[in-house]
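Residue numbers run from 1 in the order of the sequence given.
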Amino acid sequence: METLKAKHIKDNNKTTLRISGAEAIIHCLLAEGVDLIYGYPGGAIMPVYDELYKFQDRLTHVLTRHEQGAVHAAQGYARVSGRVGVAMATSGPGATNLVTGIADAQIDSTPVVCITGQVPRHLLGSDAFQETDIIGISTPVTKWNYQVTRASEIPEIMAKAFYIARSGRPGPVLIDITKNAQFDELDFSYEPCNAVRSYNPYPKPDPKAIDAAAALINSAKKPYIVYGQGVILGQAEEQLKALVEKAGIPAAWTILGLSAMDTDHPLNVGMVGMHGNYGPNILTNECDLLIAIGMRFDDRVTGDLNTYAKQARIIHFEIDPAEIDKNVKVDIAVLGNARDSLELLLPKIKKNSHKDWHDKFKEKYREEYDAVIKNDLQPTKAGLTMGEVVEAINKASGNKAVVVSDVGQHQMVTCRYARFKQTKSNITSGGLGTMGFALPAAIGAKMAAMDREVVAIIGDGGYQMNIQELATIFQNKTPVKIVVLNNDHLGMVRQWQELFFERRYASTVMTNPDFVKIAEGYHIKAKRVTKREELAATVEEMMQSPEAYFLEVKVEKEDNVFPMIPSGASVSDIRLK
């Protein structure tokens, strides 16, 4: 599409447009295949919004109610679609409100491009109205950032932004554009970026490392795979499944790796981490070979590094060289995209079963079932548990929904009990642990997958951090399903206070509003469940609704999430109660 003021210019058989920097930004987005932007307008980004108005038939803008909500929505969109999410905001507070979401995207390797307006070039450094140094502020939490001060820079910088955001280990990029650069004209032409000097996003797997890894796997008696989001980002789900099945290796997921394999696969043994499953955690210190695929040995997975898998040889399949030996020293590092590496590995792997080793995982599962799982999913107490709510959602959705969880007890319960048949189905804030993530992220997730049910599972604390995004749902008629598990506490903090601070519940009791009335104020159908006999039918009604639906479930106030590895303890110290 071409505006009236655009002029065609032919130079050496190459057609350019004489347009403003603001319009150039729109053309760059269209050239990158962007059709959806989340954002909030303001003075310093207004020229771009003015041009965006003229391109409404090709580029949809979703007005969130807070800039943090815009980034989280872009994250949810990116995580489900596999494409780059885009968020846009003005200068000053608009830009700084993006930072939490940008930091979340950085640590969780989510491809997002954030575009911010900035005061005119001649006012930079003068403390002008709504001027902040967003480049300085965002440098530690972006994969790359850049301040555009001349219109002529826009095409090259935008192309580079999208390439860096999506390539290799993905991440967030921020482009800050001064107002004069938006108004000034340039001769526009666009070339996608395919390379950046000194940046090698796709290391080629070393054949010697592949051979060495295969030899260790083939000789191991107790091999064990822990897989993370790198499998999903690398589109290596089928290769992971093939390796697990061919070699007969038990495999466990990190919370961001969840859904890379069918959760009901017989070789998928559960979740690792502080609130993961008993067997996958405790048997980490009994395996003779630990195979880490697309995961970064986060402290919530390893516990005390001095006691983590010291008896085992370790193979690390990883795309980011910065993660090799960062936390855990490994015997063999295989650098490269997980799919490429596993495809090279598979022909070298011998068929195996490891039945006795699998039986150990089954034995530990039975211990956990009797001590924890049975009480979570089939409770005898009067009050509802978070686990039985998640199980009701599983049944009503046929294990096919995209589940977006916030941060807290409900997140750990969701990642323990949600069942998935399809990849890119578990969306949560992992590394940063951002309360307020789920509601806007569910909006983005639904817009990326209108053919799938999207269920946001949120605690009463995190829900109120971005509750204003109900207005975004209402305005855009986004049919997400919202489930708030309400225990009238900041549940995870309360659990720690009970276990480690002698039940001194400092600032964790919440006096909550009427969530149903609030949802109804946004014209969203809403119900509250307080009794077990109401749960299944109400969840089924929610899942069958063609429109957005809010469900509040009152759950036990002092339910704790177990198993649990105390902070700083060994994975062998995991507690069942």
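Counting only heavy atoms from C-beta outward, the side chains of Ile458 and Leu485 never approach each other to under 4.5 Å. Using a 4.5 Å heavy-atom threshold, the side chains of Tyr49 and Leu52 count as touching.
Between Lys54 and Glu51, at least one side-chain N (NZ, or NE/NH1/NH2) sits under 4.0 Å from a carboxylate O, which counts as a salt bridge. Looking at Glu323 and Lys326, a side-chain N of the basic residue comes within less than 4.0 Å of a carboxylate O on the acidic one, giving a salt bridge. Of the charged side-chain nitrogens involved, none lies within less than 4.0 Å of a carboxylate oxygen, so that Asp298 and Arg300 do not count as a salt-bridged pair.
Of the possible polar contacts, none joining the Ser545 side chain to the Met542 backbone as a donor-acceptor pair under 3.5 Å is found.
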(message) As a quick check of understanding, evaluate salt bridge (Lys or Arg N to Asp or Glu O under 4.0 Å) for Glu541 and Lys525, giving each step before the final call.
(response) CA-CA 11 Å; Glu541 177 185 308; Lys525 186 171 183 178; 3.4 Å; yes

(request) Test side-chain contact (heavy atoms from CB on, under 4.5 Å) on Phe162 and Val34 and set out the steps. (result) CA-CA 10 Å; Phe162 277 87; Val34 175; 3.6 Å; yes

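Gln235 and Arg339 are linked by a side-chain donor-acceptor pair at a separation below 3.5 angstrom, with hydrogens and angles left out of the test. Between the side chains of Gln75 and Asp104, a donor-acceptor pair is found at a separation under 3.5 Å. A donor-acceptor contact under 3.5 angstrom links the side chains of Arg65 and Gln475, judged on distance only. The closest side-chain donor-acceptor pair between Tyr38 and Thr472, if any, does not fall under 3.5 angstrom.
Contact between Ile524 and Leu470 at its shortest, heavy atoms only, is CD1-CD2, 3.8 Å. Residues Ile232 and Glu237 come closest through the heavy atom pair CA-OE2, 3.6 Å. The shortest non-hydrogen separation linking Ser259 to Ser425 is OG-N, 3.2 Å. For the residue pair Val112 and Ala105, the shortest heavy atom distance occurs at CG2-CB, 4.3 Å.
Looking at Glu32, His27, Glu156 one by one, the single match for side-chain hydrogen bond (donor to acceptor under 3.5 Å, both in side chains) with Tyr190 turns out to be Glu32. Partner of Ile427 under the side-chain contact (heavy atoms from CB on, under 4.5 Å) criterion, out of Val403, Val402, Val454: Val402 alone.
The structure places CG of Leu240 at 10.5 Å from CZ of Phe317, a figure rounded to the nearest 0.5 Å.
Between Tyr40 and His66, the distance separating the two ring centers is not shorter than 6.0 angstrom.
Between Phe550 and Tyr463, the ring-plane angle classifies as parallel under the 30° and 60° cut-offs.
Within 6.0 Å of the NZ atom in Lys424, the count of heavy atoms belonging to other residues, nucleotides or ligands exceeds 12.
Residue pairs that meet the salt bridge (charged side-chain N to carboxylate O under 4.0 Å, His left out) test with at least one member in residues 430-459, sequence neighbours left out, are Glu453-Lys481.
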